[in-house]
Engineer: 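Before I ask anything, here is the structure I am working with.
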Amino acid sequence: MVNATKGLFISCDIPMAQFIINLNSSLPASQKFIIHVMDSTHLFVQPHVSEMIRSAIADFRDQNSYEKPN
Amino acid sequence: MPQVRIIAKNFMDMVASLPAMKLDRLYANPFICQAILRSLPPLAKKYVLEMLYIDGPVSAKMLEEWVLADGSSKHRIALDRLIQLRIFTETVDRKKETSYRLNPTFQINLRKHLIDREVLPREPMPSNIVARLPSLEELEAYALGQWECFLLQLINSTQAEKLTNFSSSMMKVFQRGLLSQREKEASRLTESGFQFLLMDTNAQLWYIIREYISNSEERDIDPADLISFLLELSFHITGEAYNMNTLTEIQRHMIKDLADLGLIKLQQGRKESWFIPTKLATNLSVSLTDSSSRKQGFVVVETNFRLYAYSSSKLHCEILRLFSRIEYQLPNLFVGAITKESLYNAFENGITAEQIISFLQQNAHPRVAERIPSVPENVADQIRLWESDLNRVEMTPAHLYDEFPSRDVFEAACDFAREWCGLLWEDSKKMRMVVKAEIHMHMREFLRGQK
């Protein structure tokens, strides 16, 4: 019988995919969210992590910026 | 980012949406017939002129013969437009043949207009009565000043120096859709509000006038009267004075509102008072894509991402603050910089990179306007790159299907998903596929049926 798993399909570039995989491995086993790594640019993850991934990417992005003090 | 765009539709689209009786009344005015003729697509204009002196119906087949084969889509568009505006009436007779004829009121009035050039219901006043007529430049400056003041009040800026005479309920109508109206907090610009600010003046004017007209019914003013007066106004001569006593009661009421928007300048002499249409008014019946009157630009963007805006207008300052960091404010100059943070701020508010770049291009200072491109390539590219940096990851809710009993079932399921345009990923070796969440139900039915 065909098995259906609900989740989130992520499509991105290679560095971002590596970033998400790294984020996944840094979490404790109960919170790991990657169900399958399809290839170097596509992942299948659990459905509720979209916000967490987005905020992690935003933090990563902000680490690189410098705002001139006013 | 969600792409919400407020479309400032053409005036003519609004005219087309009037009920049939009102449209027929409008066509009794020869100026409106002419204005509408001007606004038609070229093929439609040709059809109207050809049919102008034909009294009976013309069969649709004959009309199609006038066009070459590759023009048939334009033919359809023109016909649809003409039927929408009730200029053409379509009849199907017993033999199931369609024929068209021109709206009789429209036809009579356009013919009259062609033969004896109709004179406006009012003449410009002689110059001995009218003293101190403003020059065209002064008039233009006045119009722009009024319009800016109105816009500043619209976006609820505390920087508006003087308030227009619009009642607060009217302002609320205009603000609907542009500002989020919350009871206790200060209202914030919505996404459409930001896009509205970055549009060019003609488009903004259309939006406001459309809101004004749609709201007129609630104030017991017939929108057809408003539309006919506005179209008449576009045939007046800019800069000439027209006596106020030639206006009806309703029109007098309208004139005051139009003065606040900068379309009209009101003046008073010793015995008489008159109004002077500005360029904004006479440009009204020109369609949106015709941007003949380009106002002077004021922004210089340098390759080091610095911005110099030669303007003292508060409105321009507010607009620039939307996406850049204003650093210095001098009497006739704003100095700022386009930074990543200021752009992220803009993107969060729903403004797209294309809108920012086209705003900078359209308002480029004459010194840099001749340069191609007027905004340096590295700045434009960087703005687009920063925008795409926010969209690096695409997430789609989906379902993963595996453990297919046989390859045939797998192939069939893939084809099924492809038909519904929901197939996101398939792996034939491992017999796994990912399908969009929206069609999961259909997939389940299909797979059950496969057993």
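Keep in mind the model is a prediction, meaning the values are calculated, not measured. Chain identifiers are assigned alphabetically (A, B, ...) following the order of the sequence lines, protein sequences preceding nucleic acid strands; residue numbering begins at 1 within each chain. The analysis underlying the following values was restricted to heavy atoms, covering all of them including side chains, and did not include hydrogens, waters or symmetry mates.
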Engineer: Checking A/I57 against chain B: side chain, backbone, both or neither under 4.5 Å from a heavy atom?
Structural biologist: side chain
Engineer: Can you tell me which portion of B/R444 sits under 4.5 Å from chain A's heavy atoms? Options are side chain, backbone, both or neither.
Structural biologist: neither
Engineer: Quick one: OG on A/S11 to CD on B/E394, what's the gap to the nearest 0.5 Å?
Structural biologist: 5.0 Å
Engineer: With a 4.5 angstrom heavy-atom cut-off, could you sort out which part of B/V393 is near chain A: side chain, backbone, both or neither?
Structural biologist: both
Engineer: Looking at B/P405 and A/V2, what are the two nearest heavy atoms and their distance?
Structural biologist: CD-CG2, 3.9 Å
Engineer: Does any backbone or side-chain atom of B/T396 lie under 4.5 Å from a heavy atom of chain A? Answer side chain, backbone, both or neither.
Structural biologist: both
Engineer: Say you draw a straight line from CZ of A/F44 to CZ of B/R432; how long is it, rounded to the nearest 0.5 Å?
Structural biologist: 10.0 Å
Engineer: Working to the nearest 0.5 Å, report the span between NE2 of B/H440 and NZ of A/K6.
Structural biologist: 8.5 Å
Engineer: Please output the side-chain donor-acceptor pairs of residues 408-424 of chain B that fall under 3.5 Å, not counting sequence neighbours, one pair per line with the distance.
Structural biologist:
{"from": "B/D415", "atom 1": "OD1", "to": "B/R418", "atom 2": "NH1", "distance (Å)": "3.0"}
{"from": "B/R418", "atom 1": "NH2", "to": "B/E426", "atom 2": "OE2", "distance (Å)": "2.6"}

Engineer: What residues, two or more places apart in sequence or in another chain, satisfy side chain to side chain contact (heavy atoms under 4.5 Å, CB included) together with B/E302?
Structural biologist: B/N304, B/R306, B/Y308
Engineer: Looking at B/Y344, does the NZ or CZ of A/R61 lie under 6.0 angstrom from its six-membered ring centre and within 45 degrees of the ring axis?
Structural biologist: yes
Engineer: Chain A: which of B/R392, B/E341, B/M443 shares the most heavy-atom pairs with it under 4.5 Å?
Structural biologist: B/R392
Engineer: To the nearest 0.5 Å, what is the distance between CZ (A/F9) and NE2 (B/H399)?
Structural biologist: 14.0 Å
Engineer: Would you please go through residues 24-41 of chain A and name the residues with a non-hydrogen atom below 4.5 Å from one of chain B, in numerical order?
Structural biologist: A/H36, A/M38, A/D39
Engineer: What residues form a side chain to side chain contact (heavy atoms under 4.5 Å, CB included) with A/N3, not counting sequence neighbours?
Structural biologist: B/D402, B/E403
Engineer: Could you walk me through whether A/H42 and B/V434 satisfy the side chain to side chain contact (heavy atoms under 4.5 Å, CB included) test, starting with their C-alpha distance in whole Å, then the side-chain angles of each, then the deciding distance to 0.1 Å, before giving a yes or no?
Structural biologist: CA-CA 11 Å; A/H42 297 89; B/V434 179; over 6 Å; no
